[in-house]
Amino acid sequence: MALKRKIAYIDLTNRTVKTASIPIELRKKFLGGRGLDMYLLYNHMEPGADALGPGNVALVSAGLLVGTLASASARIHLAGKSPLTGFIGSANCGGFFAPEMRLAGFDHLVIKGKADKPVYLWIHNGDIEIRDAGHLWGHNAQDSQTLIREELGDDDIQSLTIGVAGENLVRFSCVMTSMKNAAGRTGIGAIWGSKNLKAVAARGTMDIGIAHPEEALDYNKEIITQVTSAKVSKTMQKLGTMFIWGTTNTTGLVRVRNFQSNQIPHADDIEPESIEEEMIGTAGCFGCQVHCRGRYFIKGGPYSGTYAEGPEYTSLGAFGAEVGCTSKQTVLVGNHLVNSYGMDTLETGSMIAWAMELFEKGILTEKDTNGLDLSFGNNDAVIEAVNQIAHREGIGDILAEGPLRAAEKIGQNSIQYLIHVKGMSNLHSDERPTPALSLNIATASRGADHLRSRPAIDLYHLPEKVLRKIFGNPVPYDGPLTSDFRDYEGKPWEVIWQEMCYGAVDCLGICKYHTVFLGPNMPNFDEWSKLIYLNTGLELSPKDIWDSAERCYTLEKLFNLREGQTRDMDWLPDRYFDEPTDKGLPVVRGRSIDREKFTKMIDEYYKLHEWDKKGIPKKAKLESLGLNNEPSHQL
Amino acid sequence: MSESTKKNTDKKTVKGRTSGQFRCLYCFKRITAPPGAKSTTCPHCGYAWRISWFSPGEPRIRGPVWENNEAMTRKIMAESKGGSK
Amino acid sequence: MSKILVIDHEKCTGCRLCELVCSVKHERVSNPYRARIKIVKWEMAGKIIPVVCQQCEDAPCMGVCPVNALSRNAETGAVEIDYDVCIGCRMCMNACPFGAMGYDWVNSHVIKCDLCGGDPQCARFCETGAIQYVEKATLGALKQRKGAAALAEVMTKVSTAYSEAG
Ligand code: SF4
Ligand SMILES: [Zn+2]
């Protein structure tokens, strides 16, 4: 059955591999994926370890439902202590690696120590081998996958790889699989690079048992209909996540020129529909019918004829609005480059945008940039900056350090222009008109992060009745809930609900586009409960799943506290309070966040979580979640 | 194969989903655009939108008609109907 | 009326759901490598090609079978294997020009698409329409329409260019 998979402990220093079974109690408590990763991180990393030292751990986890008849259950979760923030390092991606690792017999890898020279792991039907990766070092993320397939003579091998950015310890480098699937945020690629770990390759042919095959087939079909009949899915099938950028630029909720504005008018060339003209179609992750990933060939310029996938929402900001560019060629090339270097597109674009504002303000000059003209809108300079960051050349070497370290190096008042929380840059969206979304980025465990708790449907003007139905399940809630996204009241609960919603699917290995992220009618706790039962035979109620997600989130909080996080870090950059939005529709124009109301919001958020005023989970809460004895070293 | 022996391949229809329409991003009312239209003005509020069709019967807002909407927004803001909250 | 699986590789997004549901339907487990259909990819070049039995009229696998273990199901039109007769020589695998005859190492026998007895799961789950189960009688019309659509596009371009040129 699906749960017969194992965990492996790999010590790269001593080159040993041990395997163990996973106790069913831990499965029920943490499900898998991000949930068990957080358990493993809390248990296996020495407190205070250097994120780029051998004391950090590199974790790889498949979600509980990966490879089963749960639609879009393709996510692999990666974790460790973030080299970017020093707090939770956590990221996941789709593609085809997660099911392959499961077919090869493993659900979780705990990778420790540091190899004396480049290595990769080869996982095959219950076996794990540490192999030399000298010949892969220096290759980009995609070529490395091809080279492994060639070396081992099997085209069905799926690999997680780092590109040169990870090798060069760029603090926001990713782990990649396939063309563009990236476990993008918090710099997991640099952890791998610091361990001399170039790749993890998997190929397996071991059955994943399905508890109730016929019913699971029928139910999968039902879920697919539920998901694909939503307008948001139909839009994504054509435009991918780019559509969100189009819609939010129309409203006035994007970041422009490092957050100096919230809308970029007349940017026709980078509108999703314009970029879609370059697409040859879309691709899906394992078992997914939303297939949101664009596929294109670059036309013209030095990369002409190159096949690439994407771009997504974030690349439209990163190589478009944020850097003041409105050329789709820059977006398409920039997107391709970050994917081949294995670098977080969001952080890359943010760092360049920030440097451009410093350049504009005279804090950086051509002397600092070796003559690189970092003026907003300079397409060539953006591409050159991407190259410099990946290779740590020139100004790129400083930018590769991520927001806070770079600001420290550049000095003056450069830190003021960073749009970050806890040392991680924010999505290229503007949350000043939306207190709920502001609270989301201020409190998220990874730093400024839309994928931990964004109540995006808060923007949809849904009637209170609908909101009550969504946010009142599976845990009853009778506090305020309002349809107006400008409100402060009631929003903390939306953020918490969304934390559990995203936490749940991150534990199950399901994609967030199959949740109440962008569509209110998407599958939810009830559906997941049924999916778990039909596929694995485990009987977990919707509330049980919620509890697992809450355990996961609470462990992240405990980890962050252990690594020195304080209440003042749950906060926004000054610009959110001091500089009102200057563009967009009337509802979003002239808006900023109110410090006092926002403080109250955070208080309320802590209270609902049963955390104290400092954001520390109360003892009773830990007991009720069964987390009072962590680290418990059961795995 | 006779129809009776064919197994029932399910077609679950989902209620409450609309197609052929989109919501105005200013007033949030539903607008029906003429098939294939490249832009349309909201009959309820006057904001004008450029339209794209992600499938033959499914329109979405591609972007604003910039000048029209900017002028309207300025007017509304001047009358402070933007609503401070 | 007889139906057939039609593959439009241009519509395939490479998600491999067909492999997954095929393995569950036939083997009661999830194992894409035990499916009767395979999505072959040249991933880094962006090429995706589904491979499945064509149920050939003059089937090479049937022709080459030394013990006549392969026969056509009169109702569905699928070429099916009689495992009681099959001797496991795998000549059919060699003969099939598409590689659609697979091998299941668990049960040590060849496997192939049997159209799920008339409700092929791959087509049922393929939302993009890359795999469709259609009446043989409409097969030609489908292709004609696709060809005509491409032509129509060219014609529009030509006429626009003509009118723009003035
Ligand atoms: S919606 Fe997109 S990212 Fe999510 S599983 Fe489907 S193809 Fe992958
Ligand atoms: Zn309107």
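Letters A, B, ... are given to chains in the order of the sequence lines, protein chains preceding strands, and every chain is numbered from 1.
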Among T251(A), T248(A), V587(A), find the one that has a side chain to side chain contact (heavy atoms under 4.5 Å, CB included) with L25(B). T251(A)
Between CD on residue E58(B) and NZ on residue K234(A), distance to nearest 0.5 Å: 4.0 Å
If one checks every heavy atom of L585(A) against chain B at 4.5 Å, the contacting part turns out to be both
State which residues pass ring pair (Phe, Tyr, Trp, His ring centres under 6.0 Å) with Y460(A); sequence neighbours excluded, sorted by chain then number. none
Applying a criterion of heavy atom separation less than 4.5 Å, what residues of residues 46-55 of chain B form contacts with chain A? Y47(B), W49(B), R50(B), S52(B), W53(B), F54(B)
Non-neighbouring partners of S483(A) that pass side chain to side chain contact (heavy atoms under 4.5 Å, CB included), sequence neighbours left out: L467(A)
Please examine the side chains of S274(A) and R62(B), heavy atoms only from C-beta on, and report whether any two atoms are closer than 4.5 Å. yes
Chain B contact via D594(A) - which portion, at a heavy-atom distance below 4.5 Å: neither
Rounded to the nearest 0.5 Å, the CZ atom of R60(B) sits from the CD atom of E273(A) at a distance of 5.0 Å
Considering non-hydrogen atoms only, spot the tightest contact between T250(A) and G63(B) and give its length. OG1-CA, 3.5 Å
Side chain to side chain contact (heavy atoms under 4.5 Å, CB included) with P492(A): which residues, sequence neighbours excluded? L439(A), M601(A), E604(A), Y605(A), L608(A)
Quick check on R595(A): does its CZ atom have over 12 non-hydrogen neighbours (other residues, nucleotides or ligands) under 6.0 Å away? yes
Which value, rounded to the nearest 0.5 Å, describes the distance between H266(A) atom NE2 and E67(B) atom CD? 4.0 Å
Looking only at E276(A), K238(A), E271(A), K583(A), the option with the highest number of non-hydrogen pairs under 4.5 Å against chain B is E271(A)
Return the minimal non-hydrogen interatomic distance between D268(A) and W66(B), and the atom names on each side. OD1-NE1, 4.3 Å
Does any backbone or side-chain atom of L459(A) lie under 4.5 Å from a heavy atom of chain B? Answer side chain, backbone, both or neither. backbone
To check you understand the geometry: which heavy-atom pair defines the closest contact between T73(B) and G584(A), and what is its length? CG2-O, 3.5 Å
